[in-house]
**Q** 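Below you will find the structure I want to go over with you.
Note that these values count all heavy atoms, side chains included, but never hydrogens, waters or copies made by symmetry. Note that the coordinates shown come from a computational prediction; the quantities given were computed from them, not determined experimentally.
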Amino acid sequence: MFRKKPPPEEERRVRANDREYNEKFQYASNCIMTSKYNIITFLPVNLFEQFQEVANTYFLFLLILQLIPQISSLSWFTTIVPLALVLSITAVKDATDDYFRHKSDNQVNNRQSQVLINGSIQSEKWMNVRVGDIIKLENNQFVAADLLLLSSTEPHGLCYIETAELDGETNMKVRQSVSVTSELGNQNNLASFDGEVVCEPPNNKLDRFCGTLYWRDKKYTLTNQNMLLRGCVLRNTEACYGLVIFAGPDTKLMQNSGRTKFKRTSIDRLMNTLVLWIFGFLVCMGVILAVGNAVWEREVGSLFQSYLPWDPPVDNFLFSAFLSFWSYVIILNTVVPISLYVSVEVIRLGHSYFINWDQQMFCSQCNTAAEARTTTLNEELGQVEYIFSDKTGTLTQNIMSFNKCSINGQTYGEVADPLGPQPKRLDFTPFNPLADPDFCFYDDTLLESVKVGDSHTHEFFRLLSLCHTVMSEEKSEGELVYKAQSPDEGALVTAARNFGFVFRSRTPGTITTTEMGRPVTYTLLAILDFNNIRKRMSVIVRNPEGRIRLYCKGADTVLLERLNPSNQELMNITSDHLNEYAADGLRTLALAYRDLSEDNWESWSESHRCADKATNCREDRLAAAYEEIEQDMMLLGATAIEDKLQEGVPETIAVLSLANIKIWVLTGDKQETAVNIGYSCKMLTDDMTEVFIISGHTVQSVRQELRGARERMIELSKARDGGKQEGMEGWGEACFTSYGLREGQEGGDAGGKQLGCPPSSPPPPPPPPTPPPSYLMDSISGEFALVINGHSLAHALEADMEAEFVSTACACKAVICCRVTPLQKAQVVELIKKHKKAVTLAIGDGANDVSMIKSAHIGVGISGQEGIQAVLASDYSFSQFRFLQRLLLVHGRWSYLRMCRFLCYFFYKNFAFTMVHFWFGFFCGFSAQTVYDQYFITLYNIVYTSLPVLAMGIFDQDVPDQRSLEYPKLYEPGQLNLLFNKREFFICIAQGIYTSVVLFFVPCAVLSDATQSTGVPLADYQTFAVTTATALVIVVSVQIALDTGFWTVINHICVWGSLGCFFAIMIALHSQTLFRIFPNQFSFIGRAQITLLQPVVWLTIALATAICIVPVLAFRFLKVDLKPQLSDTVRYTQLVHQKKRKPVSRGVERGWRGTNSVSEGRLGARGGSRRSGYAFAHQEGFGELITSGKNMRLSSLALATFASRHSSSWIDTLRRKKHTHTPPSASGESSPAPSSVSGSAPPLSNSSSVLGGSQDTPIEEETGTATAQKSQTVLTPSAQTRPAPASDSEDPVSQTPCVGVLTATAVRAHGGDSPGGWTITLGTVQEALFGWRARAVTSNNQASPAKDINQMEANLGHE
Amino acid sequence: MGKVKEKPGPLARRPDNSAFKQQRLPAWSPMLTANTVLPFFYLMALICLLLGVWLLLTVQSTHEIKKDYTDLGTCQLCHEMRKDVSNANKPCSCRVDIPVEKALKGDVFIYYGLRNFHQNLRRYMDSRDDGQMLGRQNKLKDPSTYCMPFRKDKDGRPIAPCGAVANSMFNDTFILKYHGRSGPEVVPLLRTGITWYTDKNVKYRNPKTQENFTLAQEFNGTAKPPFWGKPVYELDEHNPINNGFINEALIVWMREAAFPNFKKLYGVLHRAQKPFINGLPVGNYSVEISYNFPVQYFRGRKEVVLTTLTWFGGQNHFLPIAYLVTSSLIFLMAVGLTVVWWKYGKGGKNMKA
């Protein structure tokens, strides 16, 4: 367990097949250990841990004090009994937890893997795999450790992996072995392989590996491209061999999984603070009483010496006072209730069971119930303010389905009546034997259209069957399996397959399909591959008749610009359809084709070849070549793919945000995908005031963007507030105005940023470090959303940017972080934890979410999916995202409520109990005499009063579960921490002290003069003790009865039972039998029996109870009556409407079941904006892979005739891309304007992509020379030389305001002196947004653009 | 619940649909509404009022006469004398006159009261051995260490009864005299029957080793507590069976008072003969006190109390008055609540929020 830590590695040397050599380095084995104890270490370690709890140590200390006779005012057992109880319960719980950890460790460690030992494959457990071993992996197996891929059964040492467990991306990735090792091939050769790898020490960077392979005196560079990481799954590859480089805890997966931290709830922390305070209070009381003792001993006690001399060590009153202090510490220790911790644990355990038992959180498809894996966090579920959610597998099912399409202006797939009966699923088999039986489509008009032979429809599906990079595998006739690189592409090809255009197979030069039952082979002339900038892909094929045609599919924003003008009308219709689809949250693609003449093709292919051969700027030249041919196309239609959300996700999110919970999506996915999902699950809506996109590449630019966003928010909310008064309508206008105004009024850099026409604006000044005052940010009204990219996030998470980021992001209603690494996920969570003091919850399903799950206050794992890593790391697990609302709003809320009520009452009852001693101190010469007998003190907390409060803590409900879902606002008290905080605590304490005063002085006053009817005085100590104890138990029982809001049978049993218990035990303890055995211990003989027969005693108890309870009752009544909480109102409403049960719906109509209201809301918003839900989730490079034929089996390669290009270049390209990761992706992602959100504002988007540094995007005209000149910033020569042609079919209206704004920036920027260095800013984004909004306005209302322009001009004038 | 565990099929792991597990137990969830709270308040006020009045009337019917004799009249001399420890064993007696202006009807109880005597100090209360006083032989010879420093005398003999409580026993004696027409007459007092039943019969026992041993023989080898004039087996000269640990005066003393000012029962009027059959008639009374118990050390006071009782006990004005005050407070509160409710919260006004 305690592996000796070797000094930190500087580099790792691994020699294949040489265990002895590798052993020298003492690398970690592949055994994973997440458990804490073993049988021997359990007791000491666990006890040590437990005594690290302040409370436990404190009680131990008390116990030691009690053993000193001069001090001991209580018997030792009053402390040790509860302490032992606490320790053992906790120990049992820890042991059970650890047992399960052992079990899961064992399960993982004992997985079988095939290791090459002495030339033969042997089965070994995972834990026995060593660094330097060569292991064999088969298809669909988990990779056991971080491996260097040596060889594979696939050609060229390729293999495919799925990295979902690691980074959440489910598309397949290619790994290739170094060519020398891939030639090794079979195991015999591998057995003799003795290469040595020298590489970096273990680290957590998933996308980086650098090392060198030394073999046969040659050096080979190793990169991440050669690595298979633990947690990946091998796909589409029969088998492969790998050399273990990192094992067990050194693997990147484990390095990424962060440290297991003991999670505490905020209530826990508060409780600990309060316990400390109470301790301070205790010391104060001790001091007061000790001083009292000193005074008393000096004034009175010294005179009393003859009757009671001081104990031997005591020789003066000061020493006596010192001892008295400790005695009182012992007596009063019950204010820090020892059973508090046990009770809290028990209550939490009960709540956990309720979570486990909840049928409504049971998923019948996966047969999994919800599981509370930790039992210590339940009440925290009622306080969550931030939810961090993974996307894939959590919000979505990761299933893409072909949902709708628009062909030649006709839309298909619309389900006629969403409320009507479930439409019948189309059956394709009679029509098409090759159809995929799993395919789902409901609209039969499309099938009719295919059957009728509509040429557009046929062309549409032909395109889908040809234009892709999917690989097919046909094991037997008709049993097609598509290996798609991205699931959406697979969905499209499958759709085509079902509609009669079946993609059968491909070679590097041909594509074979079956069209309407007729086999056709197309010659594949070129694949114009997809990349992030192009956002489209094309194929050029020659059909059997010899006609050459280019098929293109891509994001509508880019595609629609490249159409033949004759398409205008169709384009408008299709755009409308696209809008509809996008508004439904579907991922859309536009499809187009172009007929090419032989000459066209010849000339283009020549230029393409040139470009391809070019050594410098190959990328750019290729792109230019592609651009050249993808013009003048004819629109075919559009597709809409549904990224299937999990059931009830939008409703859940709606309910949760009504409950004021902020939801952040952290995903490894691309921005477009993430934003799309954001829309489809209603995190982002068109009603939102603004969606900011942060995608800067440098610290500066990110800072600017964040700051800009914030300023804009303040502006907008001001404008909104102001706008209302001025009667302005339409937020679009409002933004416009405020935007302009700000431009005009504010000098300095902010405005320039805002606009973000980068080349033109002067660099910003060094950042003023402080974020705006929080009150400003708090006052922001309006709904904003923030989308931030992984690389920007990296900057935003830097120490000096944190505050900036947090203040911007937290003002937004929804935040989406895309392209984030697992570690970043955790960092984001930590950030919020650090800055916001809010309770965070992370939910995810994959290994990439583990770190986030661990660092959040509460981690939730989605179970039932493939991996269990997330579940293992989580605190709660269930199988559907929608259960989250029940977990939080019902269980969490109840838990919080119950825990708070429990704590309030608990502190109350202990103060009421203990403070009586304090008052008695003034009457007994501060001698630390207790009021009650010692058994009562021992049993009060663990027997007499424990069960009723436990029953309340476990079963109490203020409103039924349906109500908490109906009124999500009920959740707010938890977030605001209203039910138990320091104030509430002091109220409880005050009430407790009041009760103790009453409980002491009423009996005191009554009894000191009272006698029995036999004349025997009742003023003796024992009668007083019994009376007070009885009154106390009765008062606290009445109080718990008042506190209990939900009287089940169990509550009744507990309350009455406890009272009964008290009397029974008291009478038993005061019985003769016990006295006869231990006369000195049970001196209260006969006391209870006689005392409780005295009417005076009962009158006293009744009086004390009345005095204690009546004010509380009055106070509570007033509170409910005058300032009712929402829960009171709900209860009241329920009470009133008990007969005709018709609750006033204030929140969402009905949880996740009623989907209608939400979706209707969506329909209303439709058309307000335009997004292209653009659906490519894969990397580029596959086109080249295909055309090179590298990934084809040799048999099929025989047909390969496509020799017109450098076939060797693809892998280099791939590599280059990996290495110089930033530039290409940067240029793609840094240009937010063409992104899906910002949509169709080409002029602006283009300008911004120039700023982004991607000079390969050729159109930057609109930036305007004026801008460039004025600001003296570098523009690319091409931009300057080119005129500003309105080459694009851009309507002038939307263009004009942009230009206006740009000019304004330039002017302003000129004045400012901000330093350079920022490439892209939020401004560009906004500009883009602004552009499309302007355009949207245009389409709706002809008048407004003009107004906008006027506005603009006015501002300029102002300037 | 347990039976349905292993059902096959996709719902095998579905939690049971029991009301308990689904938190749907039938329950009563009360709410503080005006309809329940306001009547409750008025009712409480009424109940407290009635109780208060009744108790007050009851208390009024008792009669109590108190006399602080610490340094009253002739006791002044004794008081001065007791200041000197060397005079501890010298007897001193004095007389206090008590006029009774209203006949004390029924049983009359005589108490001695002490003020500022802390029987409730922790170490004082602990300084006793219940085992010894239960007559346990081993404890008799070897008292518990709790009795320190009154555990053994200088010669090492165990003290019986040991401990500070027994040692400090109140040892003044009263002789109540009635100065009637027929001259002074000793009022007969019962010095037994003044303890709790369980104390007399269970808690305290004399040691018993052999049938024929006298009490003095039983206590052979033990020493009397240092402050005592007489050994424990000679406490009551008049009533031989009221001696030893079961001496009722001792038992009364051993029941420690909860507060520094207390009274303990001294005796009950023996109503066997005239003129005391109906209690104490009106007239002049005097108490002959053998003044032994020194109180000046701790600035204490001593008093003698004569009182009659009802079912409710002696004269105790606090309880009825407390009830009356509580009643009026609850009533005021109820009125206040009613007003507030009527003005602001009637008909769930605030619930509509």
**Q** Do NZ/NE/NH1/NH2 and the carboxylate oxygens of K343(B) and D1121(A) come within less than 4.0 Å?
**A**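 Between D1121(A) and K343(B) there is no salt bridge, as every charged N stays at least 4.0 Å from the carboxylate O atoms.
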
**Q** Under a 4.5 Å heavy-atom cut-off, does chain A meet the side chain of T33(B), its backbone, both or neither?
**A**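 Both backbone and side chain.
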
**Q** Let me know if F40(B) has heavy atoms under 4.5 Å from chain A in its side chain, its backbone, both or neither.
**A**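 The answer is the side chain of F40(B).
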
**Q** Between T195(B) and chain A, with a heavy-atom cut-off of 4.5 Å, which part of the residue counts as in contact: side chain, backbone, both or neither?
**A**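 Backbone only.
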
**Q** Tell me which of these, A1106(A), A1025(A), P1079(A), has more heavy-atom pairs under 4.5 Å with chain B than the rest.
**A**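 Greatest number of close heavy-atom pairs with chain B: P1079(A).
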
**Q** Would you please classify the geometry between the W28(B) ring and the H1052(A) ring as parallel, tilted or perpendicular, with 30° and 60° separating the classes?
**A**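 Because their plane-to-plane angle is under 30°, the rings of H1052(A) and W28(B) count as parallel.
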
**Q** Can we say K21(B) and D358(A) salt-bridge, meaning some charged N sits less than 4.0 Å from an Asp/Glu carboxylate O?
**A**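 No, K21(B) and D358(A) are not salt-bridged.
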
**Q** When the ring centroid of Y266(B) is compared with that of W253(B), is the distance short of 6.0 Å?
**A**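 Not under 6.0 Å, so no.
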
**Q** If I measure from the heavy atoms of chain A, does I194(B) come under 4.5 Å with its side chain, its backbone, both, or neither?
**A**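 It is the backbone, since no side chain atom gets that close.
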
**Q** Under 4.5 Å from any heavy atom of chain B, what part of N356(A) do you find: side chain, backbone, both or neither?
**A**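 Just the backbone, heavy atoms under 4.5 Å.
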
**Q** Judged by modelled atom types alone, do N293(A) and S320(A) share a side-chain donor-acceptor pair under 3.5 Å?
**A**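 Their side chains do contain a donor-acceptor pair, which is all the 3.5 Å distance test asks for.
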
**Q** Taking the six-membered ring for Trp and the single ring otherwise, decide whether the centroids of F293(B) and F170(B) are under 6.0 Å apart.
**A**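 Centroid distance F293(B)-F170(B): below 6.0 Å, so yes.
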
**Q** Using non-hydrogen atoms and a 4.5 Å limit, figure out which bit of A34(B) sits close to chain A: side chain, backbone, both or neither.
**A**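 For A34(B), backbone and side chain are both near chain A.
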
**Q** Which answer fits F1024(A), side chain, backbone, both or neither, if we ask what part of it has an atom under 4.5 Å from a heavy atom of chain B?
**A**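 Contact with chain B: side chain only.
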
**Q** Measure K263(B) against the heavy atoms of chain A and call it side chain, backbone, both or neither at under 4.5 Å.
**A**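 Both backbone and side chain of K263(B) come within 4.5 Å of chain A.
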
**Q** For V202(B), is it the side chain, the backbone, both, or neither that has a heavy atom closer than 4.5 Å to a heavy atom of chain A?
**A**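 It is both, since atoms from each part get that close.
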
**Q** Check this for me: does any side-chain nitrogen of one of R128(B) and D130(B) sit under 4.0 Å from a carboxylate oxygen of the other?
**A**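 Here R128(B) pairs with D130(B) in a salt bridge, since their nearest N and O are under 4.0 Å apart.
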
**Q** Do F955(A) and F20(B) have their ring centres less than 6.0 Å from each other?
**A**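 Distance test on ring centres: under 6.0 Å, yes.
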
**Q** Report which part of L121(B) has an atom under 4.5 Å of a heavy atom belonging to chain A: side chain, backbone, both, or neither.
**A**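 Contact with chain A involves both backbone and side-chain atoms of L121(B).
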
**Q** Please classify the contact of F298(B) with chain A as side chain, backbone, both or neither, using a heavy-atom distance under 4.5 Å.
**A**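 Interface part for F298(B): both.
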
